[in-house]
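A quick note: this is a predicted structure, and the numbers were derived from the prediction, not measured.
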Amino acid sequence: QVQLVESGGGSVQAGGSLRLSCAASGYTGSVYCMGWFRQAPGKEREGVATIDSIGRTIYEDSVKGRFTVSQDNAKYTVNLQMNSLKPEDTAMYYCAARLGDWCRGLQYSSLFGVWGQGTQVTVSA
């Protein structure tokens, strides 16, 4: 099955940018949807963005216009370009995969069966 590893997190000042990457291994072609989620201490995970195998994307309202999710041509890696970062974006960011089905939205993280280990993003004022 698919395994996911995130990278690219770090600490930046407000207004800065980071680019997160999610590398997939054991790719079987069954991954039709990839998503980025984030979780701050004491809060539940929330969806940030998804992208399906056709390239269709969904964004959480607060990141629309600032974040861009994309994938390479081989579909081995998905990326999250984060611009104009705000302190409210501080969280652990997770990459996740939904197998055998298309993206349906950001609301139901439980439908994503494969998760990476997470990468920390910290934005200071």
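Y32 and L106 are members of different hydrophobic clusters when ILVMFWY side chains are connected at heavy-atom separations under 4.5 Å.
Contact detail for Q120 and A91: the closest heavy-atom pair is NE2-O, 3.3 Å. When all heavy atoms are compared, the tightest approach of P87 to S124 is CG-C, 4.5 Å.
Between the CZ atom in R98 and the CZ atom in R104 there is a gap of 5.5 Å [rounded to 0.5 Å]. Of the inter-residue distances, the one linking Q71 atom CD with S53 atom OG reads 6.0 Å to the nearest 0.5 angstrom. Atom CG of L4 and atom OG1 of T77 lie 10.5 Å apart (nearest 0.5 Å). Summarising the geometry, atom CZ belonging to F67 is positioned 14.0 Å from atom OG1 belonging to T57; distances are rounded to the nearest 0.5 Å. To the nearest 0.5 Å, atom CD of residue Q13 and atom CG of residue L85 are 11.5 Å apart. To the nearest 0.5 Å, the span separating CZ on R38 from CZ on R45 amounts to 14.0 Å.
Applying the disulfide bond (SG atoms under 2.5 Å apart) test to pairs two or more places apart or on separate chains, those with a residue in residues 85-125 are C22-C95, C33-C103.
In this structure a side-chain-to-backbone donor-acceptor pair under 3.5 Å is present from E6 to Q117. Checking side-chain atoms of S7 against main-chain N and O of T119 turns up no donor-acceptor pair under 3.5 Å.
Taking a 6.0 Å sphere around CD of E44, one finds it holds 12 or fewer heavy atoms contributed by other residues, nucleotides or ligands.
Residue F112 is found in a hydrophobic cluster whose other members, listed by chain and number, are F37, M92, Y94, W115; membership requires side-chain heavy atoms under 4.5 Å apart, directly or through intermediates. The other members of the hydrophobic cluster of Y108, by chain and number, are L111 (side-chain heavy atoms under 4.5 Å, ILVMFWY only).
Within the 4.5 Å cutoff, no side-chain heavy atoms of M82 are placed close to those of V123. A 4.5 Å side-chain heavy-atom check between T50 and V69 finds every atom pair outside the cut-off. A heavy-atom distance below 4.5 Å is not found between the side chains of V31 and V114.
Side-chain atoms of N79 and Q81 include no donor-acceptor pair closer than 3.5 Å.
With respect to M34, the side-chain contact (heavy atoms from CB on, under 4.5 Å) criterion is satisfied by exactly one of I51, L80, V2: I51.
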